[in-house]
**Student:** 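Dropping the structure in here first, questions after.
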Amino acid sequence: MSEFRISATLHRLLEADGAPFSELVVIAGLEPAVDFRHSDLSGVDFAGSDLNDFDFSAADLSGASFVGARINGTRFRGAKIAGVAWPEGYAPNEQELGTATMALSPIQMEIVDRLTRNLHLADPGRALAMLPNGLGQTAILAAVLGNLRETSDLRSALILTETIAEREQVADRLRHAGFQVRTGERGFDKGASSRGGGLRIETFDRLHRHLRDLDERSAPRALDLGFSHVVLTSLPQRRRSDIAALAYQDEAPSILAFTKPFHDNVDAEGLLIGEKMRDIFPTPAVACSLEDAMRDGVLQPTKITTKRGFLDDVAAPQGGGVDNSMSAMNEVAYDFVKELNNLPFSVPGLIIIPAIEAVDRFVNILDETLHFVGSGERRRTPIPISSRHKRGPQDLRHGVGGAVFVMTPQMLDGFDVGEAGLVGVMGKLPLRHIAKLAFTPAARPMRTIIDYTGDNLPDAVASLSQLDLRSP
C-alpha cells in the first residue's frame with residue numbers, strides 16, 4: 001500500500017471513531033473472509049456490524065458481544081467463545097461451531113409465526129407475504145421451512161425464482177441454514193422431487209419450458225410433481241398461468257408466496273387483485289411496513305448524496321428519463337469515477353440510466369473517462385446491462401471489484417445489488433426500485449447512492465416509511 005493510501009486510510013479511521021467494527025474493516029481495506037482467522041478479538045463489541053461474510057475460525061472471541069450484529073453466514077469454526085454474548089435466537093453448537101444460523105429479530109419471528117400458522121389453516125395450506133426489501137426474506141423462508149420440517153409437514157419443496165442468479169443466492173443461503181438443496185436439474189417428472197425435507201430450487205422459466213413441452217407432446221397439462229410445498233419468491237405477471245397449474249395439481253401442494261412491494265396489486269384487505277390469484281391465495285397477506293422494520297432495527301437506509309447541476313439544465317427526452325446529451329454524460333462519468341476512486345476499497349459500481357439507447361453510449365464515455373482519469377491501482381471495466389444485453393450477469397457477486405455496471409431500471413427486478421459499493425442514479429425511478437437500492441443490505445457496509453438528478457432522492461426514501469407497501 002502506498003504512503004498516500006496509508007495516510008488516507010488512517011485519516012478515515014480517525015473520522016470514523018465509534019463506527020461499527022464492520023465499517024472500520026472496510027476503511028482499513030481488510031478482507032472479512034480471510035484476515036480474522038486465528039485473530040485475537042477478545043472483548044470486542046460488534047454491535048451494529050454486518051458480519052455475514054466474516055470468517056472468525058479459530059479466533060479468540062472470549063467476552064465479545066454480537067448483540068445487535070448480523071451474523072447470518074458468519075463462520076466461527078474452532079473459535080474460543082467463553083463469555084460471548086450472542087444475538088437473540090442464535091444457539092451455538094457446543095461440539096463444533098460452524099456457520100452461524102440465521103438469528104431473527106422480534107418482528108421477523110412474528111412474521112415467521114404468522115406465515116407458519118397460515119400454512120396450517122387449510123390443506124393444502126396457502127400463505128402470502130408482503131415484506132419490504134432487505135427484511136431478510138430468505139432468513140424468514142428458512143425459519144418457516146424449519147418449522148414445517150419440525151412438525152413433519154415438509155416432505156419436499158420446490159422453490160421458484162425469477163433469475164438464475166437469484167436461484168443460486170437463495171440456494172447458498174438455505175445451505176448455510178442446514179438444508180439439502182438441489183438446483184439446475186432438468187426433469188420435472190413425478191419422482192424427481194427431493195425427499196426427506198430436501199429442497200429443489202429452479203427458475204420460473206424452467207417450469208414454463210416444462211409446461212410448454214407437455215403441450216407440444218399433447219400430454220395432459222395437469223401437473224403432479226410430487227412436492228409437498230411450493231415457494232414462490234415472487235409472483236411475476238407473465239407466469240400467473242403457470243402458478244395456477246402448480247396450485248391445481250392432482251395432489252395440490254401447500255404454497256408460500258412473496259409479493260413485490262409497491263408493485264403487485266393488493267387490495268386494502270391484503271388480498272391479491274384478480275379472481276384467479278385470489279382463489280389460490282384466499283388469506284390476506286402477512287405484511288410488514290418499512291416504518292416497523294426500521295423501528296425494529298432490521299432495516300437502515302443506505303447513505304444518499306444529492307449532486308445538483310449535472311442534469312438540471314438539460315431537457316429530458318419524451319416520456320421522462322435521463323438526458324442523453326454528451327456533455328451531461330461526460331460530467332456524470334467523470335464525477336462517478338472520481339468518487340469510486342476515492343473509496344478505500346475495491347467494489348463494483350452501478351449506474352442506473354433510464355434510456356435503453358443511452359446505455360451503450362454511456363459505457364463508451366465511461367471507458368474513455370477511465371482511460372483519461374485512471375483508476376489508481378484498480379482495474380475498472382464498464383459493463384452494459386439492458387434488454388439488449390441479455391447475456392450479461394444478473395448480479396454483482398461474480399463481477400470483479402472494479403467493474404462498473406450500467407443498466408436500465410427494468411433490469412433491477414431480480415438483480416442482486418448487494419455487492420454495489422457506489423450507485424449512481426441518473427433518472428427518476430419507481431418506488432419499488434428506490435426501495436430496493438435504498439434498503440437492500442449491502443455486502444460492504446458503506447454503500448453510497450449518488451443522486452445526479454437533483455430530484456431529492458433522500459426525501460423520496462424518507463417518505464417510503466410512511467407509505468403502504470400496496471401502493472403501485
Side-chain angles (χ1 to χ4, degrees), residues 50 52 68 70-73 87-91 100-122 125-151 153-154 157 159-161 166 169-170 173-174 176-179 199 229-235 254-264 266-272 280-301 432 435-436 438-441 464-471:
D50 185 344
N52 290 349
R70 292 183 180 181
I71 59 172
N72 298 348
E88 183 177 359
Y90 175 61
T101 56
M102 298 183 179
L104 300 181
S105 72
I107 199 168
Q108 290 172 316
M109 289 189 287
E110 179 185 349
I111 292 168
V112 169
D113 290 342
R114 292 173 63 189
L115 290 174
T116 304
R117 189 163 55 249
N118 284 356
L119 287 170
H120 285 144
L121 285 177
R126 301 291 157 85
L128 192 64
M130 177 167 279
L131 310 176
N133 292 99
L135 188 63
Q137 177 175 306
T138 308
I140 289 171
L141 170 59
V144 171
L145 293 174
N147 287 346
L148 296 173
R149 185 168 58 180
E150 287 180 5
T151 58
D153 292 332
L154 180 66
I159 301 174
L160 294 174
T161 67
E166 185 184 7
Q169 182 184 42
V170 172
R173 292 178 179 177
L174 289 178
H176 279 311
F179 289 92
L199 311 178
H229 290 75
V230 170
V231 177
L232 311 174
T233 59
S234 62
L235 292 167
S254 294
I255 301 179
L256 168 61
F258 294 88
T259 67
K260 286 183 180 178
F262 308 115
H263 183 265
D264 289 313
V266 179
D267 66 15
E269 296 179 357
L271 296 171
L272 285 169
I280 296 173
F281 299 101
T283 306
V286 174
C288 172
S289 69
L290 278 165
E291 184 178 17
D292 288 342
M294 292 172 68
R295 187 185 301 117
D296 192 57
V298 181
L299 290 184
Q300 293 298 329
R432 71 180 188 276
K436 181 167 188 172
F439 291 101
T440 297
L464 285 175
S465 63
Q466 307 300 321
L467 294 178
D468 193 315
L469 296 186
R470 293 169 290 197
S471 303

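Bear in mind the structure is a predicted one, so any value in this text is a computation, not a measurement.
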**Student:** Would Leu135 and Cys288 satisfy side chain to side chain contact (heavy atoms under 4.5 Å, CB included), going step by step from the backbone distance to the final call?
**Tutor:** CA-CA 9 Å; Leu135 188 63; Cys288 172; 4.0 Å; yes
**Student:** Working to the nearest 0.5 Å, report the span between CG of Leu131 and CD of Gln108.
**Tutor:** 9.5 Å
**Student:** Hey, could you give me the CG/CG distance between Leu199 and Leu154, rounded to the nearest 0.5 Å?
**Tutor:** 6.5 Å
**Student:** Tell me, which pairs form a side chain to side chain donor-acceptor pair (under 3.5 Å) where one or both residues lie in residues 110-119, sequence neighbours left out?
**Tutor:** Thr116-Asn147
**Student:** Will you find, in the side chains of Asp153 and His229, an N or O donor that is under 3.5 Å from an N or O acceptor?
**Tutor:**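 Result is no, nothing qualifies.
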**Student:** Considering residues at least two apart in sequence or located in another chain, which fulfil the side chain to side chain donor-acceptor pair (under 3.5 Å) criterion with Ser234?
**Tutor:** Glu162
**Student:** Out of Asn133, Leu290, Ile107, which one pairs with Leu299 under the side-chain contact (heavy atoms from CB on, under 4.5 Å) rule?
**Tutor:**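 So, applying the side-chain contact (heavy atoms from CB on, under 4.5 Å) to Leu299 and each of Asn133, Leu290, Ile107, only Leu290 qualifies.
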**Student:** Residues two or more places apart in sequence or in another chain: which of them pass side chain to side chain contact (heavy atoms under 4.5 Å, CB included) with Ala143?
**Tutor:**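 Expected list: Leu104, Val112.
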**Student:** Compare all side-chain heavy atoms of Ile280 with those of Arg126 and state whether any distance is below 4.5 angstrom.
**Tutor:** yes
**Student:** Rounded to the nearest 0.5 Å, how far does CG of Leu235 lie from OG1 of Thr259?
**Tutor:** 7.0 Å
**Student:** Among all residues two or more places apart in sequence or in another chain, which pass the side chain to side chain donor-acceptor pair (under 3.5 Å) test with Thr233?
**Tutor:**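 Partners of Thr233 under the side chain to side chain donor-acceptor pair (under 3.5 Å) test: Glu166.
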**Student:** Which value, rounded to the nearest 0.5 Å, describes the distance between Leu256 atom CG and Phe281 atom CZ?
**Tutor:** 8.0 Å
**Student:** Can you name the salt bridge (charged side-chain N to carboxylate O under 4.0 Å, His left out) partners of Arg432, sequence neighbours left out?
**Tutor:**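 Salt bridge (charged side-chain N to carboxylate O under 4.0 Å, His left out) check on Arg432 returns Asp413.
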**Student:** Find the distance between CG (Asp50) and CD1 (Ile71) and round it off to the nearest 0.5 Å.
**Tutor:**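 Output value for this atom pair is 11.0 Å.
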**Student:** Starting at CZ of Phe258, measure out to CG of Leu128 and round the result to the nearest 0.5 Å.
**Tutor:** 9.5 Å
**Student:** Measuring only between side-chain heavy atoms, which start at C-beta, is Ser289 closer than 4.5 Å to Pro132?
**Tutor:** no
**Student:** Given the ring of Phe179, does Arg149 sit roughly above its face, with NZ or CZ under 6.0 Å from the centre of the six-membered ring and within 45° of the axis?
**Tutor:**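 Arg149 over Phe179 ring: yes.
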**Student:** Might you work through the side chain to side chain contact (heavy atoms under 4.5 Å, CB included) test for Leu160 and Val231, ending with a clear yes or no?
**Tutor:** CA-CA 6 Å; Leu160 294 174; Val231 177; over 6 Å; no
**Student:** Can you find a pair of side-chain heavy atoms, one from Ile159 and one from Leu174, that are under 4.5 Å apart?
**Tutor:**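 They are in contact (side-chain heavy atoms under 4.5 Å apart), so the answer is yes.
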